[in-house]
**Student:** 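Pasting a structure here, questions to come.
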Amino acid sequence: MRAKPAEWMLHPPGEVYKYAAATGGQVNRVKKKELKEKLALLIDDLRDALQLGYHPSAQKPKGKYCVIKVKLAPEAKKVAGNVVVEARQGYYR
């Protein structure tokens, strides 16, 4: 089944890495024979994920793009060791 032209405009092929980086997601390439194992690993990763929320201190106009950076504090790095922080790059108000 082929995608409609409007869908191609909204979600052009080949942009999956760009979308993943912008939203804090990840891209997993797997071969069919590895699918079951990789899916189990992905489910384990989701169980271990931590979600954060916050309210911005400065009021910005509606529709404004706000850049955010999420990083581990140095004290937490000492305790947690080598961890990966995946987060979206920003959001629209």
Side-chain angles (χ1 to χ4, degrees):
M1 188 152 117
R2 300 191 75 155
K4 296 180 177 109
E7 290 179 45
W8 281 84
M9 290 174 64
L10 289 173
H11 307 288
E15 295 291 330
V16 69
Y17 293 97
K18 178 182 170 185
Y19 295 140
T23 61
Q26 55 182 268
V27 177
N28 296 302
R29 296 183 65 150
V30 297
K31 296 178 181 170
K32 189 174 181 177
K33 62 183 178 181
E34 302 170 332
L35 185 59
K36 194 173 185 177
E37 178 186 346
K38 296 289 185 173
L39 181 58
L41 290 172
L42 179 61
I43 291 169
D44 287 342
D45 285 348
L46 289 172
R47 284 189 188 122
D48 294 339
L50 175 65
Q51 295 184 6
L52 304 173
Y54 78 103
H55 293 282
S57 58
Q59 292 297 326
K60 293 189 179 182
K62 191 173 184 177
K64 174 94 172 142
Y65 185 76
C66 302
V67 175
I68 58 173
K69 291 187 180 192
V70 179
K71 47 187 184 173
L72 211 53
E75 300 82 25
K77 283 184 182 180
K78 289 178 186 174
V79 174
N82 188 23
V83 297
V84 176
V85 176
E86 293 176 342
R88 60 178 21 188
Q89 297 171 349
Y91 64 95
Y92 288 94
R93 287 191 75 100

**Student:** Hey, what do you get for NZ (Lys32) to CD (Glu34), rounding to the nearest 0.5 Å?
**Tutor:** 13.5 Å
**Student:** Would Tyr92 end up clustered with Ile68 when hydrophobic side chains under 4.5 Å apart are linked, directly or stepwise?
**Tutor:** no
**Student:** Tell me if a side-chain donor or acceptor on Tyr65 pairs with a main-chain N or O of Gly90 at a distance below 3.5 Å.
**Tutor:** yes
**Student:** Do Lys71 and Val85 have side-chain heavy atoms sitting under 4.5 Å apart?
**Tutor:** no
**Student:** For Asp45, what residues pass the side chain to side chain contact (heavy atoms under 4.5 Å, CB included) criterion, not counting sequence neighbours?
**Tutor:** none
**Student:** Rounded to the nearest 0.5 Å, how far apart are CG of Asp44 and CG of Leu39?
**Tutor:** 10.0 Å
**Student:** Are Gln26 and Leu42 packed together at the side-chain level, in the sense that at least one heavy-atom pair is separated by less than 4.5 angstrom?
**Tutor:** yes
